[in-house]
Number of protein chains: 2
Amino acid sequence: MPATIRDVARLAGVSPSTVSRALSMPEMVNAATRARVAAAVEQLGYQPNRAARGLITGRTGNIGLVVPDLANPFFAGVAKGVQARARRYDVAVFVADTDEDASAEVGLVRALSKQVDGLILCSPRASDSDLSAIAQDTNVVLVNRTAEGVPGVTYDNEEGMQQAVAHLVALGHRRIGWVGGPVTSWSTQHRSIGLSNALHDHGAELARVGSFAPTYEGGMAAADQAVATGATAVVTYNDLVAIGLLARLHARGISVPGDISVVGVDDIAMSRMARPALTTVRLPKQEAGRIAVELLLAVLDDPEADTATGGTLHGELIVRDSTGPAPRPHDRPNERARPSE
Amino acid sequence: MPATIRDVARLAGVSPSTVSRALSMPEMVNAATRARVAAAVEQLGYQPNRAARGLITGRTGNIGLVVPDLANPFFAGVAKGVQARARRYDVAVFVADTDEDASAEVGLVRALSKQVDGLILCSPRASDSDLSAIAQDTNVVLVNRTAEGVPGVTYDNEEGMQQAVAHLVALGHRRIGWVGGPVTSWSTQHRSIGLSNALHDHGAELARVGSFAPTYEGGMAAADQAVATGATAVVTYNDLVAIGLLARLHARGISVPGDISVVGVDDIAMSRMARPALTTVRLPKQEAGRIAVELLLAVLDDPEADTATGGTLHGELIVRDSTGPAPRPHDRPNERARPSE
DNA sequence: CTTGAGTCTGCAATCGATTGCAGTCGGATG
DNA sequence: CATCCGACTGCAATCGATTGCAGACTCAAG
């Protein structure tokens, strides 16, 4: 029913080949004919059939995006960026959600890889070896993770932690807790190291609280342990955890930032609506998605061009109400009162 | 490079036609041959080229999902449902985000429609006439909206409002405020009507507060006006608005639910993390996505089958901490003290 | 006038899978 | 033994666009 290239050719009085060339290599066809073709295209509302083109060019014009959980605002942000940038290049985006299931991930990727020109894997749960295997026969760009020889866009976690620590130290905090995410997570490792280094640089002390699920519940679970460390400030794996922590702290009657300061990472929408509004390291999520698309498209255009490792994005500390001056020792609710100096 | 149907045929010692049939109409081929084909397919890891198949069948095996904003947890939930159910049918999902731009929507839909077998339009901003035009030459399923002759899945807003009102009336509220969303929104109209009817049935009074953006900011803007109506409880267009309202109320020192009760709609993740945790009408978001896929696939299989209007989903009142007994009159901060009865 | 270069344009093959039609074969029936 | 039927299987056309190759044509130079 829709117009084919033959219809356009007939209307313009040329051959299909000419129509094809007029559209994809305009400089090869005479200006006059080109105009006639353009008119015919316009009149018929012709749009080339992608399947037919794909058959011969071997390109589908589609890319895939795989995320652990679309309902997680972080990944939704990345997806938004990917999607917006892809549209600019007239590339369609398949979105697949693995439901946080690492084992499903590899299978899903394999199935999807046949239908697309390349894949963007967002915070993949897969093992390094699986990842390398996938990258072998598919064009892949990683987000939030690195792997040998695979391009990717990541955040400079070390720098983000530096900013958070500088802020906290300026407020007088000297002992700072760290609530980590899943141990296997690339980000948790880098954030942990970054925090540790930053604290060392500032001569402050690190209190590791342990690893928790990167969720609201994880934060609630971490809260009591964080308090028990005696830290006057806590940095969490991400905002969701920080918000859970805030809730539990409130339930226990511990004041934020009066008794303890809290810093998250991500800056999801929820964070500025939290009570108190959360101080956090904002990660440019959409930007990551956009860059991932650029990276992927570059690889597709020239598979040889080693785009090296890819891009590194920088976080930005957003100071809100969950951080404040460190309490003087006798203000601290979780320590025995000591004589004030 | 990847195996073609011919490779499989050669390995199995049959013709390509047989391979094709063995895969898509198994009962037409001899069990023994079928087994040989299956073995060859397995050995080569053969997956039919979708473009080639699409060329001849006229089907792409893809569907499109258009949402106003992927970062909005409501739409992310729907997208998750769509995506999960589509995978079960081996259908890929293109996701497109219009960035809340109604004018971009129509163009986007037109472009996308050529690449998919059908579209799921989530809370479309387009006008009724544009929508009908689109549905003319594309298979469309609507979510959160109805249109003449177009299948869709919607929520029973009236019933949801009934539940909310029954809850509030039982708590003693007799004058209830309504903070509406965008006036053009289908949901806002139906929720408003539902609320009005429910209140009438219970002999309670409706205090319309006006229309606000369906956002946190909208809720903050609505708060003061809601208080001024003298209502002891407020129902908002959605949870985001309710949370904004909560924030402004807190800033003004008005206690929830002590002075005023608040009810939202949606039950996004944020709602149970709000302070106080938000009482809300939970809308099954993923379910809506799943049903939309079923509906669309049914239409594709049999374009004639009038699937009527489609499905209606039911909300569920989730009672949390933002609703409580209506304050006795003299407790009300925003009215002149009156002699107690 | 011939030749050559250069510019366009058309022919026809091709991508990979599907499907209507026809052919093969074995076995049952008259 | 001749026919016929049913169950499978293969041939070849087809979907719509792209592209290598060759033909047509113009124009300038020899």
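Lettering follows sequence order; numbering is per chain, from 1.
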Interatomic distance where CZ belongs to B/Arg6 and P belongs to C/dC15 [whole Å]:
7 Å
Could you check whether atom CD of B/Glu27 has more than 12 heavy atoms from other residues, nucleotides or ligands sitting under 6.0 Å from it?
yes
Quick one: A/Ile5 CD1 to C/dG10 C1', roughly how many Å, whole number?
13 Å
From CG of B/Asn49 across to C1' of D/dT14 the rounded distance in Å is 16 Å
Which part of the nucleic acid, if any, lies within reach of B/Val14 when heavy atoms closer than 4.0 Å are counted: base, sugar-phosphate only, or nothing?
sugar-phosphate
Would you be so kind as to tabulate the donor-acceptor pairs closer than 3.5 Å made by side chains of residues 29-37 of chain B, with sequence neighbours excluded?
unit_1  : atom_1 : unit_2  : atom_2 : d
B/Asn30 : OD1    : B/Ala32 : N      : 2.7
B/Thr33 : OG1    : B/Asn30 : O      : 3.3
B/Arg34 : NE     : B/Pro26 : O      : 3.2
B/Arg34 : NH2    : B/Pro26 : O      : 3.4
B/Arg34 : NH2    : B/Val29 : O      : 3.1
B/Arg36 : NE     : B/Ala12 : O      : 3.0
B/Arg36 : NH2    : B/Ala12 : O      : 3.2

To the nearest angstrom, the CZ-C1' distance between B/Arg10 and C/dG16 comes to 13 Å
From CD of B/Gln115 over to P of D/dG16, roughly how many Å is that when rounded to an integer?
17 Å
Using C1' atoms of five pairs at each end, report the bend of the helix from C/dC1-D/dG30 to C/dG30-D/dC1 rounded to 10 degrees.
70°
May I have the list of side-chain donor-acceptor pairs in residues 90-97 of chain A shorter than 3.5 Å, sequence neighbours left out?
unit_1  : atom_1 : unit_2  : atom_2 : d
A/Asp90 : OD1    : A/Arg50 : NH2    : 3.4
A/Asp90 : OD2    : A/Arg50 : NH2    : 3.2
A/Asp97 : OD1    : A/Asp99 : N      : 2.7
A/Asp97 : OD1    : B/Lys80 : NZ     : 3.3
A/Asp97 : OD2    : A/Leu70 : N      : 2.8
A/Asp97 : OD2    : B/Lys80 : NZ     : 3.1

Sorted by chain and residue number, the side-chain contact (heavy atoms from CB on, under 4.5 Å) partners of B/Arg59 (sequence neighbours excluded) come out as B/Thr57, B/Asp117, B/Leu300, B/Asp301
B/Val78 vs B/Val82, test: side chain to side chain contact (heavy atoms under 4.5 Å, CB included). Steps then yes/no.
CA-CA 6 Å; B/Val78 176; B/Val82 165; 4.2 Å; yes
Before accepting this row, confirm whether a basic side-chain N of the pair B/Asp128/B/Arg145 lies closer than 4.0 Å to the acidic partner's carboxylate O.
yes
Rounded interatomic separation in angstrom, taking CZ from A/Arg53 and C1' from D/dC15:
16 Å
Which is more 5' along DNA chain D, the nucleotide nearest B/Glu27 or the one nearest B/Leu55? Just name the residue.
B/Glu27
Enumerate the protein-to-nucleotides 19-21 of chain D contacts in which both atoms are nitrogen or oxygen and the separation is below 3.5 Å.
unit_1 : atom_1 : unit_2  : atom_2 : d
D/dT19 : O4     : A/Ser17 : OG     : 3.3
D/dG20 : O6     : A/Arg21 : NH1    : 3.4

Residues in residues 29-47 of chain A with a heavy atom under 4.0 Å of DNA chain D, by number, are A/Tyr46
